[in-house]
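Atoms within each ligand, like the ligands themselves, are counted from 1 in listed order.
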Amino acid sequence: MGYSAPRGTVDILPGQSEKWIKLEQLLRTIAANYNVKEMRTPIFEHAELFNRAVGDTSDVVSKEMYTFQDKKGRYISLRPEGTSGIARAYVENKMYGLPEKLQKVYYMGPMFRYERPQNGRQRQFHQFGVEMLGVESPYVDVECMLMAVTVVEALGLQNVTLHINSLGDNESRDAYREALKDHFRDHLDELCGDCKARFEKNPLRILDCKVDAKHPAMKTAPKTIDYLSESAKNHFDKVCTLLDDLEIDYVIDTNLVRGLDYYSHTVFEIISDDPKLGAGATVGGGGRYNGLIEEIGGPATPGVGFAFGMERLLLALDDEEDEDEDGLDCYIMPLGEEAKDLAMQIIAMLRANGFTCEMDHVSRGLKGQFKSADRFNAHFSIILGEEEVKNEVVNIKCNHDKEQEVVPLENILAHIENHLSGGHEHE
Ligand code: HAM
């Protein structure tokens, strides 16, 4: 019988993993540039953390979470997102007491959501996320957005737009919640069962209902931005002014509410119109979450962050540039069993000196081995036939300039180094 990977999961094979590494390196470089440090938290957490942090009326928690009981009967969830774990670790490790008030961290890794898989949507997917905790300032909101924009610019992604909105502070959200209830009260009979429950518990979630998305009352629903308190409005205005000053393009999208419950004030998404992702796909999103740390038992601490879906970044990137794969330094080509023993010595010596090498392990003839050297894009082919073994020499061919030379064993390293540094004189 055969096995297949669980639906919604993907194997990243050699040939693709290089793209991932390149993306990860680029993201790490940008993080360093913004003085954001890496933080790693567990892939599973107590389910209760996500119920609390993300909210049990959100689809992510109520419908999409992988939750199970461990052997002691504890409810454990595979993390559907990264912010909750970072917030938990921030509190547990008392990072709020660190001398530097603003803590800026990033993470990369797998997240899990039981969703219907499609292009750019998986059940195990990867996020690159950033959280900036400890300071409530529109400057920090904008630093986050700027960093997100830097990522899409560094990747050269076309057709992306920064959408922003504000959900306001507690006062604004209380006023807005009442306005939403007034609006939807008369339509309650026409909405789905989930929305009826959301109406009581968290009417904001009605707005991202997938079942009722086309209901006319959705279009005419009140906008968060019309219910902002004065201080929330000031915060949002300052965010907009800072973005203007930095000449960052954005649109104010009054329908943007985000799907997780912890947000307050600024929310934003980076939306791509790349056809490979489906029009209007979100490559990344985030916002401010001033109540989250307190909600999970920490001292009142503001925070703001964002996360990108790494698969979506790679999909959008796919034909932007084709990988010019780095080749090997040396491909060692032994002909015959005796030559293999010597090849093993040579390859070990070359690797110990920092060269990337491979050798033939399947005892092919010269032609087959040259094909491999070609496939690996090897700079040098090092050929060892019976004659060479007997004479304690190898035949080194530079596959770039096609020069070929017989080199004594003890001179292999010097020959290669000399050739690479541009000198071609005979040893
Ligand atoms: P989110 O909008 O739920 O936010 O997810 C962020 C990004 O993860 C999405 O924009 C999308 O690119 C990617 N993503 C989500 N679900 C999937 C999936 N099933 N398959 C592939 N990619 C997916 C958060 O997770 C927040 N924690 C972001 C944040 C950080 N807010 C503040 N700090």
Side-chain angles (χ1 to χ4, degrees), residues 6-10 12 23 27 36 39 41 45 49-50 53-55 58-61 63-66 78-88 90 103-133 140-141 143-145 147-148 151-152 155 157 160-165 167 205 208 210 256-272 274 276-278 280-293 302-317:
R7 187 163 145 78
T9 68
V10 169
I12 299 167
L23 172 64
L27 295 169
V36 180
M39 184 154 159
T41 62
E45 298 270 359
L49 173 70
F50 301 112
V54 178
S58 67
D59 276 3
V60 169
V61 165
K63 299 187 176 155
E64 297 167 2
M65 211 148 67
Y66 282 89
L78 301 184
R79 62 183 186 189
E81 59 103 49
T83 313
S84 309
I86 296 287
R88 194 264 314 135
Y90 176 87
Q103 288 293 313
K104 307 200 294 187
V105 299
Y106 77 91
Y107 48 90
M108 271 190 255
M111 308 288 160
F112 306 85
R113 294 185 193 178
Y114 193 86
E115 291 195 85
R116 198 168 53 79
Q118 59 185 56
N119 213 15
R121 199 201 283 152
Q122 294 169 194
R123 291 183 175 169
Q124 176 174 335
F125 61 100
H126 297 77
Q127 279 187 352
F128 166 72
V130 169
E131 312 296 346
M132 301 192 181
L133 288 139
V140 184
D141 298 24
E143 181 153 325
C144 261
M145 293 187 209
M147 187 168 169
V151 169
V152 293
L155 291 169
L157 298 190
V160 288
T161 322
L162 173 65
H163 288 232
I164 69 168
N165 191 21
L167 306 180
R205 287 278 76 85
D208 47 38
K210 286 170 190 129
L256 182 65
V257 293
R258 307 276 298 137
L260 315 163
D261 280 353
Y262 46 61
Y263 292 112
S264 55
H265 288 283
T266 320
V267 286
F268 63 98
E269 285 187 349
I270 293 193
I271 295 178
S272 158
D274 193 306
K276 282 194 295 309
L277 284 165
T282 308
V283 281
R288 186 159 273 290
Y289 45 86
N290 288 349
L292 174 60
I293 298 292
V304 57
F306 66 86
F308 278 105
M310 293 173 74
E311 281 79 4
R312 294 188 192 182
L313 289 178
L314 285 172
L315 264 176
L317 196 67

Enquirer: Of all the non-hydrogen atoms in the protein, which one sits nearest to atom 24 (C) of ligand 1, and at what distance?
Expert: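 Sorting protein heavy atoms by distance from atom 24 (C) of ligand 1 puts Leu260 CD1, 3.5 Å first.
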Enquirer: Can you pull out the closest protein heavy atom to atom 22 (N) of ligand 1? Residue, atom name and distance to 0.1 Å, please.
Expert: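 For atom 22 (N) of ligand 1, the nearest protein heavy atom is Phe125 CD1, 3.4 Å.
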Enquirer: For atom 1 (P) of ligand 1, what's the nearest protein heavy-atom neighbour? Residue, atom name and distance, please.
Expert: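 Going by distance alone, atom 1 (P) of ligand 1 is nearest to Arg258 NH2, 3.6 Å.
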Enquirer: Between Pro302 and Arg288, is any pair of side-chain heavy atoms under 4.5 Å apart?
Expert: yes
Enquirer: Any nitrogen or oxygen of Thr282 lying under 3.5 Å from a nitrogen or oxygen in ligand 1? Just yes or no.
Expert: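 N/O-N/O distance under 3.5 Å: yes.
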Enquirer: Once rounded to the nearest 0.5 Å, what's the spacing between atom CG of Leu292 and atom OG of Ser264?
Expert: 9.5 Å
Enquirer: With heavy atoms under 4.0 Å as the rule, classify the contact between Phe268 and ligand 1 as side chain, backbone, both or neither.
Expert: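 No part of Phe268 is near ligand 1 at this cut-off.
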Enquirer: What's the shortest distance from atom 20 (N) of ligand 1 to any protein heavy atom, and which residue and atom give it?
Expert: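 Answer for atom 20 (N) of ligand 1: Gln122 N, 3.0 Å.
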Enquirer: Given side chains that start at C-beta, do those of Gln103 and Met39 come closer than 4.5 Å, heavy atoms only?
Expert: no
Enquirer: For Tyr107 and Gln127, what are the C-alpha separation, side-chain angles and deciding distance, and is it a side-chain contact (heavy atoms from CB on, under 4.5 Å)?
Expert: CA-CA 8 Å; Tyr107 48 90; Gln127 279 187 352; 4.2 Å; yes
Enquirer: Check whether any side-chain heavy atom of Lys104 sits under 4.5 Å from a side-chain heavy atom of Val130, and report yes or no.
Expert: no
Enquirer: Could you list which atoms of ligand 1 come closer than 4.0 Å to a heavy atom of Arg121?
Expert: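 Contacts of ligand 1 toward Arg121, numbered from 1: 18 (C), 19 (N), 20 (N), 21 (C).
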Enquirer: Test Glu81 against Tyr262 for side-chain contact (heavy atoms from CB on, under 4.5 Å), laying out the working first.
Expert: CA-CA 12 Å; Glu81 59 103 49; Tyr262 46 61; 2.4 Å; yes
Enquirer: With a 4.0 Å heavy-atom cut-off (strictly under), which part of Arg113 contacts ligand 1: side chain, backbone, both or neither?
Expert: side chain
Enquirer: Side chain, backbone, both or neither: which applies to Phe306 and ligand 1 if a contact is any heavy-atom pair less than 4.0 Å apart?
Expert: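 Backbone only.
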Enquirer: Is ligand 1 under 4.0 Å from a heavy atom in the side chain of Arg123, in the backbone, in both, or in neither?
Expert: neither
Enquirer: Less than 4.0 Å is my threshold; does some heavy atom of Glu64 fall inside it relative to ligand 1?
Expert: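 Glu64: no contact with ligand 1 (<4.0 Å).
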Enquirer: Students should be able to answer this: which protein heavy-atom is nearest to atom 11 (C) of ligand 1, and at what distance?
Expert: Arg312 NH1, 3.5 Å
Enquirer: With under 30° as parallel and over 60° as perpendicular, where do the rings of Tyr66 and Phe112 fit, or are they tilted in between?
Expert: perpendicular
Enquirer: With the side chain counted from C-beta on, respond yes when Arg121 and Arg116 share a heavy-atom pair under 4.5 Å apart, and no when they do not.
Expert: yes
Enquirer: Note the single closest protein heavy atom to atom 19 (N) of ligand 1, along with its residue, its atom name and the distance in Å.
Expert: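 The closest one turns out to be Glu115 OE2, 2.6 Å.
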Enquirer: Roughly how far, to the nearest 0.5 Å, is NE2 of His163 from CG of Leu256?
Expert: 8.0 Å
Enquirer: Give yes or no for whether the N/O distance cutoff of 3.5 Å, strictly under, is met between Val283 and ligand 1.
Expert: yes
Enquirer: Just which atoms of ligand 1 are under 4.0 Å from any heavy atom in Thr83?
Expert: 26 (C), 27 (N), 29 (C), 30 (C), 31 (N), 32 (C), 33 (N)
Enquirer: Under 4.0 Å, counting heavy atoms only: does Gly284 come that close to any atom of ligand 1?
Expert: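 It does, in that a heavy atom of Gly284 comes within the 4.0 Å cut-off of ligand 1.
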Enquirer: Run the numbers on Lys210 and Glu64 for salt bridge (Lys or Arg N to Asp or Glu O under 4.0 Å), then give the verdict.
Expert: CA-CA 13 Å; Lys210 286 170 190 129; Glu64 297 167 2; 3.6 Å; yes
Enquirer: If you measure every N or O of Gly309 against every N or O of ligand 1, does any of those distances drop under 3.5 Å?
Expert: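 It does: an N or O of Gly309 is found under 3.5 Å from an N or O of ligand 1.
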Enquirer: Give the residue and atom name of whichever protein heavy atom lies nearest to atom 21 (C) of ligand 1, and the separation in Å to one decimal.
Expert: Gly120 O, 3.2 Å
Enquirer: Rounded to the nearest 0.5 Å, how far does CG of Asp274 lie from CG of Leu315?
Expert: 8.0 Å
Enquirer: Between Glu131 and ligand 1, find which residue part has any heavy-atom pair under 4.0 Å and reply side chain, backbone, both or neither.
Expert: side chain
Enquirer: When you measure from atom 26 (C) of ligand 1 to every protein heavy atom, which one gives the shortest distance, and what is it?
Expert: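 I find the closest protein heavy atom is Tyr262 OH, 3.3 Å.
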Enquirer: Quick check on contacts: which atoms of ligand 1 are under 4.0 angstrom from a heavy atom of Gly286?
Expert: 31 (N)
Enquirer: Test your reading of the structure: does Glu81 have an N or O sitting under 3.5 Å from an N or O of ligand 1?
Expert: yes
Enquirer: Using a 4.5 Å cut-off on heavy atoms from C-beta on, say whether the side chain of Arg79 contacts that of Thr41.
Expert: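 With C-beta onward as the side chain, the pair touches.
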Enquirer: Can Asp208 and Arg258 be said to form a salt bridge (Lys or Arg N to Asp or Glu O under 4.0 Å), step by step?
Expert: CA-CA 8 Å; Asp208 47 38; Arg258 307 276 298 137; over 6 Å; no
Enquirer: Quick one: do Arg205 and Asp261 make a salt bridge, cutoff under 4.0 Å?
Expert: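 Asp261 and Arg205: salt-bridged.
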Enquirer: Within ligand 1, which atoms have a heavy atom of Tyr263 less than 4.0 Å away?
Expert: 26 (C), 28 (C), 29 (C), 31 (N), 32 (C)
Enquirer: Which is it for Gln127 and ligand 1 at heavy atoms under 4.0 Å: side chain, backbone, both or neither?
Expert: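 Looking at Gln127 and ligand 1, just side chain atoms fall under 4.0 Å.
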Enquirer: Under 4.0 Å, counting heavy atoms only: does Gly259 come that close to any atom of ligand 1?
Expert: no
Enquirer: Verify the neighbour count for atom OH of Tyr114: are there more than 12 heavy atoms of other residues, nucleotides or ligands below 6.0 Å?
Expert: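 Incorrect, the count does not exceed 12.
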